[in-house]
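The structure appears below as structure tokens.
Model, not experiment: these values are computed from the prediction.
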Amino acid sequence: MSTLTWNDNLALNHRQMDQTHREFVELLGDVERALDDDHESVGARFDQFLGHTEKHFAQEEEWMKRIGFAPENCHSFQHKHVLDVLREVKTVVGTTGDAQILRRLVAELANWFPAHAQMMDQALAE
């Protein structure tokens, strides 16, 4: 069972954002399942998740820019920090071959995402 699953508490009643968030949750679950069941696909699953997250956050950054969020806002800071961590983990896994750091990352993202969506993204959706 995935650490994070899509549920009504994550829905923001913004069609595009909800679809992107659902995909984020599903792709994170794909990484977790690969860690448990299909070790050979972990790298590819993580790459899909990273690529999706880059596009996801870029879209939100564009929306924030359009509606006049300050460039150095907390929401953008969280996006940057998460992307920095994802890229660093990719480097570590690529260098060491040890994918166990991904297991910790999945758990941390599963804890972080609901609060981010309900606080940061909800404000943006409104």
Interatomic distance, Phe46 atom CZ to Leu86 atom CG [nearest 0.5 angstrom]: 5.0 Å

Euclidean distance, Phe24 CZ relative to Trp6 CH2, rounded to 0.5 Å: 11.0 Å

For the pair Asp36 and Arg33, find out whether any cationic side-chain nitrogen is under 4.0 Å from an anionic carboxylate oxygen. no

So do His79 and Met64 actually touch side chain to side chain, heavy atoms under 4.5 Å? yes

Do Pro114 and Asn9 touch side chain to side chain, with heavy atoms closer than 4.5 Å? no

Can a donor-acceptor pair be found between the side chains of Gln48 and His52 at a distance below 3.5 Å? no

Less than 4.0 Å between a side-chain N and a carboxylate O, is that true for Lys80 and Asp84? yes

Would you call Asp30 and Leu27 a side-chain contact if the rule is heavy atoms closer than 4.5 Å? yes

Are any side-chain N or O atoms of Ser76 and backbone N or O atoms of Glu72, one a donor and one an acceptor, separated by less than 3.5 Å? no

Is the side chain of Asp121 donor-acceptor paired with the backbone N or O of Met119 at a distance under 3.5 Å, no angle test? no

Quick check: does any side chain N or O of Asp18 sit under 3.5 Å from a backbone N or O of Ala11, one acting as donor and the other as acceptor? no

Can you give me the closest heavy-atom contact between Leu28 and Ala110, atom names plus distance? CD2-N, 4.1 Å

Rounded to the nearest 0.5 Å, what's the gap from CG on Leu10 to CG on Leu4? Could you check? 6.0 Å

Starting at CG of Leu83, measure out to CD of Glu88 and round the result to the nearest 0.5 Å. 13.0 Å

Using a 6.0 Å cut-off, check whether atom CD of Glu62 has over 12 heavy atoms from anything other than its own residue. yes

Checking side chain to side chain contact (heavy atoms under 4.5 Å, CB included) for the pair Leu102/Phe49: CA distance, chi angles, key distance, verdict? CA-CA 12 Å; Leu102 286 175; Phe49 176 74; over 6 Å; no

Would you kindly say whether Gln100 and Arg103 are connected by a side-chain donor-acceptor distance under 3.5 Å? yes

With the threshold set at 4.0 Å, does a side-chain nitrogen-carboxylate oxygen contact exist between Arg87 and Glu54? yes

Are Trp63 and His14 close enough that their ring centres sit under 6.0 Å apart? yes

Hey, are the side chains of Val25 and Asn7 touching, using non-hydrogen atoms and a 4.5 Å cut-off? no

Verify same cluster id: Val106, Trp112 (apolar side-chain graph, 4.5 Å): yes

Roughly how far apart are Glu126 CD and Leu12 CG, rounded to 0.5 Å? 9.0 Å

Would you say the side chain of Thr20 lies within less than 4.5 Å of the side chain of Glu60, judging by non-hydrogen atoms? no

How long is the straight-line distance from NE2 of His116 back to CD of Gln78, given to the nearest 0.5 Å? 5.5 Å

Carboxylate-amine/guanidinium proximity below 4.0 Å for Arg104 and Glu108: yes

Hydrophobic clustering (ILVMFWY, side-chain heavy atoms < 4.5 Å, transitive) - are Val82 and Val93 grouped together? yes

For a quick test of reading the model, state the closest non-hydrogen atom pair linking Val42 to Ala99 and the distance between them. CG1-CB, 4.3 Å

Just to verify, which of Arg45, Lys90, Lys55 counts as forming a side chain to side chain contact (heavy atoms under 4.5 Å, CB included) with Leu50? Lys90

From the options Glu23, His21, Glu61, Met17, select the one residue that forms a side chain to side chain contact (heavy atoms under 4.5 Å, CB included) with His56. His21

Side-chain heavy atoms of Leu105 within contact of Val85, under 4.5 Å: yes

Ile101-Leu109 co-clustered via ILVMFWY side chain contacts under 4.5 Å: yes

